Amino acid sequence: VTTRRNLDGRVSSRSVSHYGSPPMTTRERLFPGTTSLALGLVLLTLYWSFFRAPFERVMGAAQKIFYFHVPAAMGLYLSAAVCFVGSAAYLYKPSDARDALARAGGDTAVCFGMMVMTTGPIWARPIWGVYWTWEPRLMTLLLQVMIYVAYVMLRGFAGDGDGERKFAAALGVLGAANLPIIHYAVQFWGGNHPRVVSEGGGGLGHPDMKIAFGIGMLAFSVLTASLVWSRFRLHLTASRLARAEEDAVALGLVAEESY
Amino acid sequence: MQTPAEASPEKPVAKPLPTETPRTGFGAVEGQAASQDAGPMANFGFTVAAYAVLWVVLTVFLLSTWRKQLALDKRLGTLEDALAKGAGAPPAPAPKS
């Protein structure tokens, strides 16, 4: 039902249409394919890192965490970039789609942040002897994850009004400022964190290591796209539902307290 | 009189982190003999734990998204039915000012 309103907000006319469940478009049909591709590539990474890539000469089996830890960090960066773009676009010209994109980026950033923040300490324990140390890259990354946890909690619990959306969008924009600091923290301030594939790193010493890492990066890129898309769809559906509920209540079709 | 430190002499002290130069490259073990050594497999439990955590996080995220999407679609369907049935009814009266 499409509702037309007068300037004072009263309902003047309506016509039937769909709010949130239109027929599947070609773009939506891509989603199951992308998700399947992402999971297939993740499994391929698993196979290549465990069965093809050799053990690292100092770290042994623990180094194999690298093939998921770094791609997950890249997923965090990509998701944070999506949140930044969606938030900036929303502040420029508010719309449900832009807000949904920002929220999708924030949610996915928390997911990848959890992966990085758990696999990292598990890797650190046998190599450094401790799960956690207050060194620059770890601290800046922890701060980044906390920013996105705050963003998700704000959007989840503080309501869905225009003010809340704009406040969260500002957080999404400002939160991205920490991303380059994480990346360059090791170079600026040192610390124990390895720098293998970034500037000044010596790289991977075996072709199968490089292939496993390359597949991992590709897998997590596709996975990021897939997860962001799924959350975008979720938040957009929620927005459409909220609009439909408002109209249904305004038309007197449902009681206000029933939704 | 005993000081607190003397009273609990076996209190564990955090080990300082080794201040070695951070790794800048990963090299493979050399030859068959090295891979048969028990060394490389010593930390295999940590690796398995890390991968398990990663899959749990991913699964929880995917399942929660899927369940929320299903719930939203169901509510939308119910609401659309209500809206479609009510589309032919006269508009609701304007609120009295």
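In what follows, chains carry the letters A, B, and so on, assigned in the order in which the sequence lines appear, proteins first and then strands, with residues in each chain numbered from 1. Keep in mind that the numbers below use all heavy atoms, side chains included, and drop hydrogens, waters and symmetry copies. Note that this is a predicted model, so its numbers are computed, not measured.
For the pair Y51(B) (side chain) and K64(A) (backbone), a donor-acceptor distance under 3.5 Å is present. The backbone N or O of A61(A) lies less than 3.5 Å from a partner atom in the side chain of T47(B), making a donor-acceptor pair.
Looking at every heavy atom in both residues, I65(A) comes nearest to F46(B) through CD1-O, 3.9 Å. Here the closest non-hydrogen pair linking T65(B) and L234(A) is O-CD1, 4.0 Å. Nearest heavy atoms, A62(A) versus N43(B): CB-CB, 3.8 Å. Scanning both residues, A248(A) and L79(B), for their nearest heavy atoms gives CB-CD1, 3.7 Å.
No other option in H69(A), M114(A), E135(A), Q63(A) has as many heavy-atom pairs under 4.5 Å with chain B as Q63(A). For the options L54(B), V57(B), V60(B), heavy-atom pairs under 4.5 Å to chain A are most numerous at L54(B).
For W55(B), the CH2 atom counts as densely surrounded, since its 6.0 Å shell holds more than 12 non-hydrogen atoms of other residues, nucleotides or ligands.
With a threshold of 4.5 angstrom between heavy atoms, D208(A) does not approach chain B through any atom at all. For T108(A), the parts sitting under 4.5 Å from any heavy atom of chain B are the backbone and the side chain alike. The contact between F50(A) and chain B is made entirely by side chain atoms (from C-beta outward), counting heavy-atom distances below 4.5 Å.
Side chains of F61(B) and V110(A) form no contact here, defined as non-hydrogen atoms less than 4.5 Å apart. Contact annotation: the side chain of R231(A) approaches that of K68(B) to within less than 4.5 Å [non-hydrogen atoms, C-beta and beyond].
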Margin query: Set out, in order, the CA-CA distance, both residues' side-chain angles and the distance that settles side chain to side chain donor-acceptor pair (under 3.5 Å) for S230(A) and Q69(B), then state yes or no.
Written below: CA-CA 9 Å; S230(A) 67; Q69(B) 185 71 51; over 6 Å; no
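A distance of 7.5 Å separates CG of L62(B) from SG of C111(A), quoted to the nearest 0.5 Å.
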